[in-house]
Every structure is written in structure tokens, then in C-alpha cells.
There are 2 protein chains.
Amino acid sequence: MPETLITTAAPAAPPRASPMRPPRPAISSRVVGENLTLLYEGGRNRSLYRVVDGCVVLSQLLDDGRRQITDVLGPGRLFGFTVDGRNIATAETLSIARIEPLGDADLNATNPAVASELKTTLQRMQVHATLLGRKTASEKVASALVELARLFNRTGRNGAPARLSFHLHLTRADLADWLGLTVETVSRCLNRFKREGLIDFSHPKTMRVLDPERLEATAGFTRHRAGDAARP
Amino acid sequence: MPETLITTAAPAAPPRASPMRPPRPAISSRVVGENLTLLYEGGRNRSLYRVVDGCVVLSQLLDDGRRQITDVLGPGRLFGFTVDGRNIATAETLSIARIEPLGDADLNATNPAVASELKTTLQRMQVHATLLGRKTASEKVASALVELARLFNRTGRNGAPARLSFHLHLTRADLADWLGLTVETVSRCLNRFKREGLIDFSHPKTMRVLDPERLEATAGFTRHRAGDAARP
DNA sequence: AGGGGATGTTGACAGCTGTCAACAGAGGTC
DNA sequence: GACCTCTGTTGACAGCTGTCAACATCCCCT
């Protein structure tokens with residue numbers, strides 16, 4: 001197989017009725033299965049893709065098997081960026097997902113909306129670098145929960161602000177690879193948060209935030225905003 | 001001062017004759033001093049800038065003082081990207097630097113060359129995330145040396161391939177903030193590499209690579225390139 | 001030339017997080 | 001329904017890296 005391509009789900013799963021579905025249904029979107037590798041780092045790919053619904057992660061591998069998840073994408077996010085026609089990262093689905101191809105990656109990079117998405121992604125990467133380099137294990141795990149809660153927030157059926165319950169698409173191993181930790185450390189942090197009443201989960205992936213304020217406090221200090229002050 | 005602006009060097013230092021100077025001299029470029037903060041994270045800024053010569057670092061702060069250097073820029077690299085008109089990162093000079101303003105940041109983001117630079121930067125950020133999350137202290141320091149050697153390589157005056165000697169613009173503290181380590185760990189790694197004959201330095205910032213192959217081996221495994229292989 | 005602060009080095013020690021191991025539980029297959 | 005594998009949890013322990021401290025060195029400034 002000379003090119004890395006978007007793979008359609010073997011058994012075409014019915015699109016989940018999701019509250020995150022955008023108002024205008026995508027015409028050319030495809031539904032792909034769970035745990036599929038859509039793009040390989042270093043592989044060729046000329047298109048850009050939008051996550052319409054579901055969860056996609058980007059990752060890089062060291063050749064001894066160490067893995068780093070570099071980004072977790074929810075609805076609306078783009079992926080498939082290339083340098084010299086080669087994919088920057090491997091892209092995998094962590095859920096059944098709806099993916100919309102946007103056509104030529106290079107052409108699209110000059111589209112204002114895509115350029116804006118690129119800058120937003122760059123900002124996210126820098127924030128995550130700060131997490132990886134400068135936060136403790138507890139802060140990392142708490143930060144991840146805060147972020148994933150925002151991403152996969154379940155809105156109430158009345159469109160209300162939503163309960164603080166969400167589906168954790170990532171396994172403990174995925175969380176570890178995202179946060180630069182080990183599975184054991186992630187598990188210990190989550191269960192400590194549970195004992196301390198910050199969160200609750202009966203099923204490992206069904207998360208519920210019980211105390212948003214303390215969780216955010218545990219997530220560590222927010223990024224410093226120098227604002228408009230200037231040092232001479 | 002309502003806006004964060006490029007600050008001109010107080011005593012306009014003469015531009016260092018540098019071999020990295022591009023063939024076409026920039027017309028509107030300015031020379032700025034060492035250890036100046038050019039842009040503040042969260043500050044307003046409408047222009048994009050190119051590093052013509054010198055060394056600029058981008059960083060983020062947590063409000064308890066922890067710092068993460070997210071990128072080290074050498075000649076040719078762009079900075080000043082914004083999201084919602086706010087700077088993504090703080091930009092500081094680590095050397096006397098020549099900086100060239102490129103005009104409106106948002107307009108430029110749709111320029112093909114700038115879009116390409118954005119994607120390259122995104123790739124660099126992902127590679128660095130893998131370093132931060134998945135490499136050991138020794139691998140991190142060795143990786144940094146390999147990268148900085150490429151960035152600030154001194155070419156011989158005859159344009160020859162260059163001795164493996166370069167100026168480390170970063171202090172030990174900067175290296176630590178870049179690699180997610182402490183000053184002490186960075187210092188210990190560097191001096192161990194020195195004892196083991198991988199590198200040499202008499203002055204803390206005058207680095208010389210004695211054994212490039214072993215240094216690169218110490219830098220850890222290269223990123224895995226899945227190439228065009230596809231897993232069914 | 002003489003301070004004096006910033007930067008860099010080194011040692012002792014602690015503790016956070018990784019490693020190894022055993023086990024529990026969930027989910028999938030036949 | 002009975003395996004069987006993957007995932008998650010928990011404990012014991014080790015070791016890498018951070019913390020604290022002292023000191024050396026460099027560089028700037030007067």
C-alpha cells in the first residue's frame with residue numbers, strides 16, 4: 001500500500017446521536033471505527049481532515065517504543081498537516097468518529113480559517129509543553145481532566161450547562177503517553193482524586209467531576225498573563 | 001505603555017559580522033540588544049518578526065514562577081504569532097540579534113511561506129513534546145546539544161563544513177527551562193559528557209562536540225518513521 | 001583594581017515517579 | 001456461559017532527578 005489513507009470502518013457503524021453534532025451535517029464526511037490509525041507519521045497524505053464528532057489523538061513514536069501523544073482532538077479540530085508532504089504525526093481514533101476531508105493540505109494552509117486553526121494548535125502545543133516540562137504528576141492528571149471535561153462535556157438534553165460528567169476516551173495508557181507519565185502513576189492519581197472527593201468514576205472511562213474548583217486548583221497554577229505591562 | 005513593542009537596543013550595537021547572515025540584507029531590520037524581552041505572552045502585537053541573526057527564545061510562565069522555554073529560534077525563524085490578537089508566548093533575545101518585522105500577523109498567516117513556517121514550527125513543537133515527555137535527562141541534554149550545534153554551527157571562513165564548535169547562547173538555567181530539568185541536572189549532564197569525552201568546553205558557553213556519533217547516540221532513539229507501511 | 005551579584009559546579013540527601021510484580025475486573029470471542 | 005486477553009489497580013521497592021547548601025568562577029560595575 002503505497003500511500004497512507006483514511007480507512008473506512010470495516011462494519012459501517014451507525015453515526016452515534018451526539019449532542020456535539022454541528023448544526024449543518026457534513027456532506028462528504030465518513031464514519032470511521034474505534035482504534036483505527038488514520039495517518040502514519042512520515043507517511044504521505046495530501047488532504048486535511050476535520051474531526052466532526054468523536055475523539056482523535058496525534059502521536060509520535062521513538063523507535064524503542066516510547067510513545068508521546070502530542071494532541072487530543074475533539075469535534076471541530078483539524079489534523080493531517082504535513083511538512084514536505086509527510087505527515088507530522090500519527091493520527092488514531094479513540095472512538096467511533098466522523099471525519100470530514102477538506103482537500104489539499106497545502107492549499108488549505110493558506111486559508112484564513114485554517115491558518116487560525118494552525119495558530120491555535122501551536123498555542124495548545126506550547127501550553128502542553130509547559131505541562132510536560134514543568135508540572136507535577138498530580139497537576140498533569142488534574143489538568144488533563146479539566147481539559148477533557150471541556151472537550152467531551154455532555155450537555156443536558158435541554159441544552160443546559162451540562163452535568164460535569166464526561167466520557168474519558170483515553171485509556172490509562174493513553175493518558176500516560178499524553179502526560180509523560182506511566183500507567184501506574186496515572187492510575188494512582190485518579191484513584192487518589194476519587195478518594196479525596198474531587199472526581200468519581202464507577203467505570204474507568206465514565207468520569208464525573210465532583211469538585212470543579214478543587215480540581216482546577218490541583219491542576220496547578222494558570223499560565224501567567226503579563227498582559228500589557230512592559231518591563232523597560 | 002498600551003502595547004508591547006519591539007524595543008530597539010539602547011546603545012545601537014554594531015551588527016556582528018555573522019556567517020549566517022542571509023545573502024540579501026534585510027532593509028528594515030533592527031538590531032536589538034541581549035537579554036531583552038521583545039514580546040510578552042498575552043500582550044498585544046500585530047506584527048510578525050523574522051530572526052535575521054542571533055538567538056531568540058519563546059517561553060511561557062506559570063504564575064508561581066516556573067518557566068518553560070517552548071522554542072529556541074535561530075536565523076530565519078519567525079515569531080510573533082497571536083491568537084485573538086494576543087501573543088502566544090514571550091519572546092526574549094539571548095544575544096544581540098537582528099530582527100526583521102514582516103507586518104500584519106494575521107494577513108501573513110495566510111502567506112504560503114508563513115503557513116509553511118507555521119507547520120514546521122508545529123512539527124518542532126511535537127518533537128519537543130516527545131523529548132519533554134519521554135526522554136531521560138541525559139537524552140534531553142544530548143538532544144539539545146545536537147540541535148543547538150546545528151542551529152549555531154560556526155562555518156569556517158572558507159565556507160567549509162564547519163568545526164563542531166558553537167556558541168551556546170543559553171545559560172544552564174535556560175537549558176533547564178527548555179528541557180524540563182533543573183540547573184543542577186543540566187550542569188551534571190554537561191560535565192559528565194565532558195569527562196566522557198563527548199564534548200568539551202572551557203568557557204561555559206563555548207561548546208565543542210568531540211564525538212558527534214556518540215553524542216547523537218546519547219541523544220536517544222530517533223523518531224520512528226513508519227514510512228508508507230500500513231497496518232491493516 | 002576591588003567588590004558584588006549572577007552564573008556554574010559539586011556533594012549530600014530526599015522524595016517523586018518509575019519499575020516490577022501480582023491480582024482484579026472488564027470486555028470480547030467462540 | 002466459559003475462557004482469555006486487555007485494561008486497571010495496588011503494593012514494595014529502587015533510582016533518577018529535584019532540593020538544599022556550599023563554594024567557585026565569571027562578569028559587570030564603580
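Please read these numbers as outputs of a predicted model, since none were measured by experiment. Note on naming: letters A, B, ... go to the chains in the order of the sequence lines (proteins, then strands), and numbering restarts at 1 for each one. Quick note: numbers below take in every heavy atom, side chains included, and nothing from hydrogens, waters or symmetry partners.
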Next item on the list: Remember a base hit wins even if backbone is also touched, and classify A:L190 as base, sugar-phosphate or nothing at under 4.0 Å, heavy atoms.
Entry: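 Nothing: the residue A:L190, judged by heavy atoms under 4.0 Å, touches no strand.
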
Going by heavy atoms in the side chains, are [X] and [Y] under 4.5 Å from each other?
X      : Y      : value
A:V72  : A:H169 : no
B:V141 : B:L175 : no
B:L58  : B:T90  : no
B:L210 : B:L198 : no

Check: For A:S165, does its backbone N or O pair with a side-chain atom of A:R208 as donor and acceptor, under 3.5 Å?
Finding: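 Between the backbone of A:S165 and the side chain of A:R208 there is no qualifying donor-acceptor contact (under 3.5 Å).
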
Check: Does A:S143 use its side chain to pair, donor to acceptor, with the backbone of A:E139 at less than 3.5 Å?
Finding: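 A pair under 3.5 Å: yes.
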
Notebook entry, point to check: Separation of A:L168 atom CG from D:dT7 atom C1', in whole Å?
Noted result: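 From A:L168 CG to D:dT7 C1': 13 Å.
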
Next item on the list: Shoot me the first and last contacting nucleotide of DNA chain C against chain A, ordered 5' to 3', at under 4.0 angstrom to non-hydrogen atoms.
Entry: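 Span of nucleotides near chain A: C:dT17 to C:dG27.
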
Notebook entry, point to check: Do the ring planes of A:H128 and A:W178 sit parallel (below 30°), tilted (30 to 60°) or perpendicular (above 60°)?
Noted result: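 Ring orientation of A:H128 relative to A:W178: parallel.
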
Notebook entry, point to check: Which residues in residues 136-144 of chain B have at least one heavy atom lying under 4.0 Å from any atom of DNA chain D?
Noted result: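 Of all residues in residues 136-144 of chain B, the ones placing a heavy atom under 4.0 Å from DNA chain D are B:T136, B:A137.
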
Please tabulate, one pair per line, each protein N/O and nucleotide N/O from nucleotides 22-29 of chain D that are separated by under 3.5 Å, including the distance.
unit_1 : atom_1 : unit_2 : atom_2 : d
D:dC27 : OP1    : B:H203 : ND1    : 3.4

Notebook entry, point to check: With a cut-off of under 6.0 Å to the ring centre and 45° to the axis, is B:R86 in cation-pi contact with B:F81?
Noted result: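 No cation-pi geometry.
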
Item checked: Under-4.0 Å salt bridge between B:R67 and B:E92 ->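 Yes, charged N to carboxylate O under 4.0 Å.
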
Next item on the list: Using a strict cut-off of less than 4.0 Å between a Lys/Arg side-chain nitrogen and an Asp/Glu carboxylate oxygen, indicate whether B:D177 and A:R134 qualify as a salt bridge.
Entry: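 Judged by the 4.0 Å cut-off on N to carboxylate O distance, B:D177 and A:R134 do form a salt bridge.
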
Item checked: Pairwise 5' ranking along DNA chain C for A:E184 and B:T171, keeping only the more 5' one ->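 The answer here is B:T171.
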
Notebook entry, point to check: 5'-most contact on DNA chain C: A:R188 or B:K194, nearest heavy atom basis?
Noted result: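 Looking at the nearest nucleotide for each, B:K194 comes out on the 5' side.
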
